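First comes the structure, then the notes that go with it.
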Amino acid sequence: MELGIYVHIPFCKSKCYYCDFLSYPSKEDNYQAYVDALINEMKAHKIKTNKALTITTIFIGGGTPSVLPPILLERLLVSINENFNIGDKAEYTIEANPGTLTEEKLNIMKKYGVNRISIGGQTYDEDLLKTIGRCHRGEDITNSFILARDHGFNNINLDLMFALPGQSLDQLKETLDKVIRLNPEHISAYSLIVEEGTPFGDLEERGQLILPSEDEEREMYYLIENYLKKNGYKKYEISNFSKEGKASRHNINNWKTYEYIGLGLAAHSYYEGYRYSNTCNMDRYIENSHDLQAIQEDRQQIGLKAQMEEFMFLGLRLTEGVDVADFEKRFKQSIDSIYGDQINKHLKNNLLARSGGRIWLTDYGQDVSNMVLCSFLLD
Ligand code: SF4
């Protein structure tokens, strides 16, 4: 059985203008207390899981986990190893931002089993990096990537963003050229989403944020898709591309709705049939993390209907789509008895395709994926 761990590090060097993740810039004073709290939470889970469960994917994300100083990074990784039974072939990822990786940190990551680095590059264009509030330069992406490679990491992801304010196709192409030269195993490419309560959200409200049109956004997506395909990357999810055998298991497990335990401030979990999240209050988390009940909120049992919706909603994001037999195995009902009407309508309109026991979004279906996916919500 697949079981993942997600560890949230809610610290960053500065706040990007589009970001609504729970992450605090310049909170170095909290680093130590936070890592101590994470370790307490892990110990509490150890009692619960009693080492009986094997962890198949670990993802340390944020925020920017690579801002932690080496001594705290090492304590965190030691504690993960001590408190969870990590499978021999587990995928073990740490997110890093350009300019925050050092030889010492990479050696520590390697020593404790990290085997995948995910670097938040976003764009190589210096003006766009400033426009979106990133605190690194284009050359930092290359330097961090090469440093990780030189330390033996042979599974590296680069995160990219597109449809940025004022971004042109030429700027995007230049970024893709530079990324391809690095030859990462995995590339994620997400279109900018403007969230309320962020500096970009405020600018948009005042009508001062000029974004590419919907057609331009689609054109950028096709450019990425075609360019990466030409260069040996397979699209396995709407926004994720990888070399053969390097698709992220952590990502896939989420889309296949496998369970995971989230550790840290505001971390979400899906475990033993319940979804819940940890408190967003830093002081409360630090004080109470040894007591799982005191930090967990919004605990909801995921009923059969919600499980089916998630199965379709998330599974259809994968290029391979959903497995008809897997639906039946999990829910003891055929996919057609629940979703026959929607499936047939979308097949007729060329939004879905079906063959060999699988159902997936067509290219056209991916362009309007939100509409298609929403149709799988049950009343
Ligand atoms: S580095 Fe990532 S988590 Fe941190 S502020 Fe920027 S987008 Fe948000």
Side-chain angles (χ1 to χ4, degrees), residues 6-31 34-35 38 59-69 72-73 76 93-102 105 109 116-145 147-148 156-165 167 175 179 184 186-204 209 211 239-240 248 250-251 254 262-268 277-278 280 282 285:
Y6 172 77
V7 182
H8 190 65
I9 306 296
F11 306 115
C12 288
K13 273 169 83 173
S14 60
K15 195 82 184 167
C16 306
Y17 301 152
Y18 56 87
C19 177
D20 77 334
F21 298 134
L22 189 72
S23 73
Y24 300 99
S26 317
K27 275 242 187 199
E28 288 85 351
D29 292 354
N30 276 4
Y31 287 4
Y34 184 77
V35 170
L38 267 177
F59 194 99
I60 305 181
T64 309
S66 52
V67 296
L68 288 179
L72 292 180
L73 181 67
L76 174 67
T93 307
I94 286 194
E95 278 187 331
N97 269 334
T100 59
L101 283 172
T102 62
K105 291 181 194 179
M109 292 173 190
R116 187 169 180 272
I117 308 272
S118 178
I119 299 175
Q122 317 314 354
T123 173
Y124 261 98
D125 189 275
E126 301 297 345
D127 290 337
L128 285 175
L129 283 169
K130 279 192 204 124
T131 301
I132 63 176
R134 300 287 297 179
C135 62
H136 60 85
R137 296 171 56 84
E139 64 185 11
D140 297 326
I141 305 172
T142 304
N143 293 340
S144 291
F145 187 96
L147 196 62
I156 304 180
N157 168 58
L158 270 180
D159 276 340
L160 299 180
M161 289 176 76
F162 64 99
L164 302 173
Q167 187 177 28
T175 286
V179 166
H186 189 285
I187 297 168
S188 299
Y190 285 92
S191 163
L192 173 72
I193 295 182
V194 179
E195 305 283 358
E196 257 179 57
T198 62
F200 271 6
D202 297 344
L203 278 179
E204 190 178 53
L209 191 69
L211 293 171
S239 306
N240 285 274
S248 160
H250 166 81
N251 289 351
N254 284 342
L263 303 158
L265 194 69
H268 289 257
S277 56
N278 283 352
C280 300
M282 178 70 92
Y285 177 74

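Fair warning: this is a prediction, and the values are worked out from it, not measured in the lab. Read the numbers this way: they start at 1 and go in the same order the structure lists the ligands and their atoms.
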(request) Tell me which one of Cys135, Gly133, Cys19 gets a heavy atom nearest to atom 8 (Fe) of ligand 1. (result) Cys19
(request) Test Met109 against Ile117 for side-chain contact (heavy atoms from CB on, under 4.5 Å), laying out the working first. (result) CA-CA 9 Å; Met109 292 173 190; Ile117 308 272; 3.7 Å; yes
(message) Taking 4.0 angstrom as the limit and counting only heavy atoms of Cys12, give me the atoms of ligand 1 inside it, by number and element.
(response) 1 (S), 3 (S), 4 (Fe), 5 (S)
(request) For Tyr18, counting its heavy atoms only, list the atoms of ligand 1 lying under 4.0 Å from any of them. (result) 7 (S)
(message) Tell me if a side-chain donor or acceptor on Thr64 pairs with a main-chain N or O of Val67 at a distance below 3.5 Å.
(response) no
(request) Among all protein heavy atoms, pick out the one at the shortest distance from atom 6 (Fe) of ligand 1; state its residue, atom name and that distance to 0.1 Å. (result) Cys16 SG, 2.3 Å
(request) Number the atoms of ligand 1 from 1 as they appear, then name those within less than 4.0 Å of a heavy atom of Ser14, with their elements. (result) 5 (S)
(request) Would you mind listing which atoms of ligand 1 come within a distance below 4.0 Å of any non-hydrogen atom of Asn97? (result) 1 (S)
(request) Mind listing the closest non-hydrogen atom pair of Tyr190 and Ser188 along with its distance? (result) CE1-CB, 3.8 Å
(message) Could you check whether any side-chain N or O of Asp140 sits under 3.5 Å from a backbone N or O of Arg137, counting only pairs where one atom can act as donor and the other as acceptor?
(response) yes
(request) Would you mind checking which non-hydrogen protein atom is closest to atom 2 (Fe) of ligand 1, with the distance to 0.1 Å? (result) Arg134 NH1, 4.1 Å
(message) Angle between ring planes, Tyr6 versus Phe59, binned at 30° and 60°: parallel, tilted or perpendicular?
(response) parallel
(request) For the pair Gln167 (side chain) and Ala163 (backbone), establish whether a donor and an acceptor sit closer than 3.5 Å, ignoring hydrogens and angles. (result) yes
(message) Looking only at protein heavy atoms, which one is nearest to atom 3 (S) of ligand 1, and what is the separation?
(response) Gly63 N, 3.3 Å
